[in-house]
Asks: 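Handing you this structure, nothing more for now.
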Amino acid sequence: MTRNLIVSVSTAAMLFASASAWADMEAAKRWIDNEFQPSTLSKEEQLKELEWFIKAAEPFKGMEINVVSETITTHEYEAKVLAKAFSEITGIKLTHDLIQEGDVVEKIQTQMQSGKNIYDAWINDSDLIGTHFRYKQAIPLTDWMAGEGKDVTLPSLDVNDFIGKSFTTAPDGKMYQIPDQQFANLYWFRYDWFTRADLKEKFKAKYGYELGVPVNWSAYEDIAEFFTNDVKEIDGVKVYGHMDYGKKDPSLGWRFTDAWLSMAGNGDKGIPNGQPVDEWGIRMDGCRPVGSSIERGGDTNGPAAVYSITKYLEWLKKYAPPQAQGMTFSEAGPVPAQGNIAQQMFWYTAFTADMVKPGLAVMNADGTPKWRMAPSPKGSYWKDGMKLGYQDAGSWTLLKSTPLDRRKAAWLYAQFTIAKTTSLKKSHVGLTFIRETDIWDKSFTERANKLGGLVEFYRSPARVQWTPTGNNVPDYPKLAQLWWQNIGDASSGAKTPQAAMDALAAAQDSVLERLERANVQGECGPKLNPKTSAEDWFKKAEAAGTIAPQRKLQNEKPKGETVDYDTLIKSWPATPPKKG
């Protein structure tokens, strides 16, 4: 080959590389202009961020990378829009699979046990934080971002901007996951019905207090009774004072592990999870789980837990549509939008995006909702300082079994979905906030009146009382499946609430015992307390000044208490927290 030919070939290669990079920048500009608005960044800052992605992705161009998440609106947007954008901008061929949440848990468990790389990155709930830090199969992201993954970690990621950072941090102080989406289970109600003068007058005449947002479960029950059996119909349509689901199915487990017991008052004070007893009823000694049953100092089958199951069953049968008892989570979710439900205590804000669609029976013609969301009411065992409900934090997770180059390429996509360039627009699509800067952006100030209280809740100090399952649960996949199987027996009528919770507590203790014998979780693995008696642990809690387990209350239904929704909203601060 002559020297001139070599020069011309080399020049052509350089020009091709330059043109390729320019084409990537052109794609970046196109996506910024046509899709990634609004953003908390200027277009110039967005372009700088995407230019970093282009350069960081160079070694991985042409690779086919596979990631997975559960199916919710936010992840559908990622799979259909952000994966395509990432592929066009970086040259990495990204496939984002959507599967059911239970399948995500099952598959990640399979990869951790087999060491076979199924997916290159995972969005799985931060509920698995206790599993990840004990089994050491997940990469601690704190170490990753400072070490092996430093060259592919976005300089403008701004980890401290993530509102769920504490949920994904283990007792060793390291982040094992980083939030991709977040939503809470709150109280949902028909604001238009609750503010009707005739209904307010009728309710007060019967119960002696105002119809409003229930502060306690007693008021929730009174309101459920009122709409189901006193109001009965509105505009010729049969109405119900409650909505829930009861089919013995894996989704029934989330109904309870997602902090239903804590809403009743199970466990101890402590945010994000009760200490020494958490909202699953698991007692901790430092970072070690030491028992679930009340006989070992736990609270899974204590009076507060049994009360929570009793009320769930009572309300489902008395006040929800008859078909609700045979529904799963996904079947029950759309029902309030159909317009015949007055209130729902256990309502996931992930449904907000589908609840604000024009033309729904629960939407006004001007685009404002007929409904609102508010903090959940408290059960009779609840005390100040306890968590009040559940907050999901679907979070990016990297596993050690994924080859390094694939892990790096997948980490680039993970950051792309949560970077400031894309996160505000994604928040508007899925309404599952992850960044403080997005929550306080002016675009959400302008949109707040069309989202039924979602923005006000996430800007309020109250949100810290809604937290995911925490570090106390040592093996989420094994333990979580016990809940739907055992509580399903109570839901079907096969067992009483007490018998079902006794069986659940015993089953959890059995798993903890097996983990202790296997000794695979190190110094934070389970070490069970010996069995004594419930009375022994009641006395210990009283002597220690802690709460769990609590004795059965003589009166589990104190007088109902409500608060005016508009007064509640005005009581929350309307200015963003100061940085630093």
Side-chain angles (χ1 to χ4, degrees), residues 35 37-39 70-82 163 180-195 213 234-235 237 239-240 243 329-376 389-392 394 422-435 438-460 462-463 466 565-566 568-569 572 574:
E35 181 61 36
Q37 300 301 323
S39 170
E70 65 172 302
T71 307
I72 64 171
T73 303
T74 295
H75 299 322
E76 288 174 350
Y77 176 72
E78 291 167 342
K80 293 173 184 175
V81 178
L82 294 186
I163 61 174
D180 174 271
Q181 49 84 358
Q182 225 168 292
F183 56 87
N185 65 333
L186 297 178
Y187 171 73
W188 179 96
F189 71 107
R190 285 294 297 268
Y191 178 81
D192 57 336
W193 296 350
F194 278 51
T195 52
V213 174
I234 293 179
D235 299 327
V237 176
V239 299
Y240 296 90
M243 183 58 203
F329 170 82
S330 56
E331 292 166 343
V335 173
Q338 295 167 8
N340 65 337
I341 305 297
Q343 61 171 0
Q344 183 171 341
M345 187 194 294
F346 197 86
W347 182 80
Y348 287 93
T349 63
F351 293 129
T352 308
D354 293 324
M355 190 71 85
V356 296
K357 291 178 178 176
L360 289 176
V362 293
M363 292 295 290
N364 293 311
D366 65 357
T368 58
K370 297 177 180 179
W371 53 267
R372 299 290 187 274
M373 61 184 82
S376 312
Y390 177 78
Q391 193 160 182
D392 186 286
T422 59
S423 68
L424 181 57
K425 175 60 184 287
K426 189 176 84 170
S427 294
H428 274 285
V429 174
L431 300 174
T432 55
F433 301 106
I434 52 171
R435 288 185 176 274
D438 290 343
I439 293 168
W440 289 95
D441 187 75
K442 65 179 182 180
S443 63
F444 274 112
T445 301
E446 293 163 358
R447 195 181 173 193
N449 72 325
K450 295 187 176 180
L451 296 177
L454 180 69
V455 174
E456 290 84 351
F457 171 77
Y458 269 99
R459 289 180 175 181
S460 81
R463 77 164 191 242
W466 278 255
Y565 176 79
D566 297 304
L568 171 69
I569 293 296
W572 288 338

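All figures in this text were calculated on a predicted structure; none of them were measured in a lab. Nothing fancy with the numbering, it's 1 onward along the sequence.
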Asks: Could you grab the distance from atom OH of Y187 to atom CE of M373, nearest 0.5 Å is fine?
Replies: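 Nearest 0.5 Å value for the OH-CE distance: 13.0 Å.
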Asks: Run the side chain to side chain contact (heavy atoms under 4.5 Å, CB included) check on V213 and F194 step by step: do they pass?
Replies: CA-CA 9 Å; V213 174; F194 278 51; 6.0 Å; no
Asks: Which heavy-atom pair separates A374 from L568 by the least distance, and what is that distance?
Replies: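 Minimum heavy-atom contact is CB-CD2, 4.3 Å.
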Asks: How close do Q181 and E70 get, counting heavy atoms only, and between which atoms?
Replies: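 Closest approach of Q181 to E70, heavy atoms only: NE2-OE2, 4.1 Å.
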Asks: Donor-acceptor pair, distance only, cut-off 3.5 Å: does the side chain of R459 make one with the backbone of I439?
Replies: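 Indeed, once roles are kept as given, a pair shorter than 3.5 Å links the two residues.
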Asks: Could you tell me which non-hydrogen atom of K357 sits nearest to which non-hydrogen atom of D354, and how far apart they are?
Replies: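 In terms of heavy atoms, the two residues are closest at NZ-OD1, 3.2 Å.
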Asks: Look at atom NZ of K370 and say whether more than 12 heavy atoms of other residues, nucleotides or ligands are closer to it than 6.0 Å.
Replies: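 Yes - once you tally the heavy atoms of other residues, nucleotides and ligands closer than 6.0 Å, there are more than 12.
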Asks: So which of W347, F189, Y565, W193 actually passes ring pair (Phe, Tyr, Trp, His ring centres under 6.0 Å) with W371?
Replies: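 It is W347, the one option of W347, F189, Y565, W193 that forms the ring pair (Phe, Tyr, Trp, His ring centres under 6.0 Å) with W371.
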Asks: To the nearest 0.5 Å, how far apart are CZ in R372 and CG in D566?
Replies: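 If we round to the nearest 0.5 Å, R372:CZ and D566:CG are 7.5 Å apart.
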Asks: Any donor and acceptor pair, going by atom type alone, linking the side chain of R190 with main-chain N or O of G339 inside 3.5 Å?
Replies: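 It does hold such a pair.
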Asks: To the closest 0.5 Å, what do you measure between CG (N185) and CH2 (W466)?
Replies: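 Rounded to the nearest 0.5 Å, the CG-CH2 separation comes to 8.5 Å.
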Asks: Rounded to the nearest 0.5 Å, how far does CG of L431 lie from OG1 of T352?
Replies: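 Answer for the OG1-CG pair, T352 versus L431, is 6.0 Å.
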Asks: Is a side-chain N or O of W572 found less than 3.5 angstrom from the main chain of F457, in a donor-acceptor match?
Replies: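 Flag not set: sc W572 to bb F457 has no pair under 3.5 Å.
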Asks: Look at the side chain of D366 and the backbone N and O of T368, then say whether any donor-acceptor pair between them is shorter than 3.5 Å.
Replies: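 Yes; at least one donor-acceptor contact below 3.5 Å.
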Asks: Are the side chain of T349 and the backbone N or O of F183 linked by a donor-acceptor pair below 3.5 Å?
Replies: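 Such a contact is absent between T349 side chain and F183 backbone.
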Asks: Can you check whether H428's main-chain N or O pairs, donor with acceptor, with R447's side chain at less than 3.5 Å?
Replies: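 Such a contact is found between R447 side chain and H428 backbone.
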Asks: In Å and rounded to the nearest 0.5 Å, what is the CZ to CG distance from F433 to L454?
Replies: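 Rounded to the nearest 0.5 Å, the CZ-CG separation comes out at 5.0 Å.
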Asks: Would you check if the side chain of K426 reaches a backbone N or O of D180 as a donor-acceptor pair within less than 3.5 Å?
Replies: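 A pair under 3.5 Å: yes.
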Asks: If every non-hydrogen atom of K425 is compared with every non-hydrogen atom of E35, which pair is closest and at what distance?
Replies: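 Taking every non-hydrogen atom into account, NZ-OE2, 2.9 Å.
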Asks: At their closest point, which heavy atom of Q344 faces which heavy atom of P336, and how far apart are they?
Replies: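 It is OE1-CG, 3.1 Å.
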Asks: Is it the case that the ring center of F329 lies less than 6.0 angstrom away from the ring center of F351?
Replies: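 Yes, close enough.
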Asks: Within this structure, what is the CG-OH distance for the pair L82 and Y77, rounded to the nearest 0.5 Å?
Replies: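 Spacing of CG (L82) from OH (Y77) equals 5.0 Å.
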Asks: Within the distance-only criterion (no hydrogens, no angle test), does the side chain of D235 pair as donor or acceptor with the backbone N or O of V237 below 3.5 angstrom?
Replies: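 Judged by distance alone, no pair lies under 3.5 Å.
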Asks: Checking Q391 now: which residues fulfil side chain to side chain donor-acceptor pair (under 3.5 Å) with it, not counting sequence neighbours?
Replies: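 Only Q182, Y458 meet the side chain to side chain donor-acceptor pair (under 3.5 Å) criterion with Q391.
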Asks: Could you walk me through whether V362 and M355 pass the side chain to side chain contact (heavy atoms under 4.5 Å, CB included) test, one step at a time?
Replies: CA-CA 8 Å; V362 293; M355 190 71 85; 3.8 Å; yes
Asks: Please find the pair of heavy atoms, one from S427 and one from D438, that lie closest to each other, and give the distance.
Replies: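 That would be OG-OD2, 3.7 Å.
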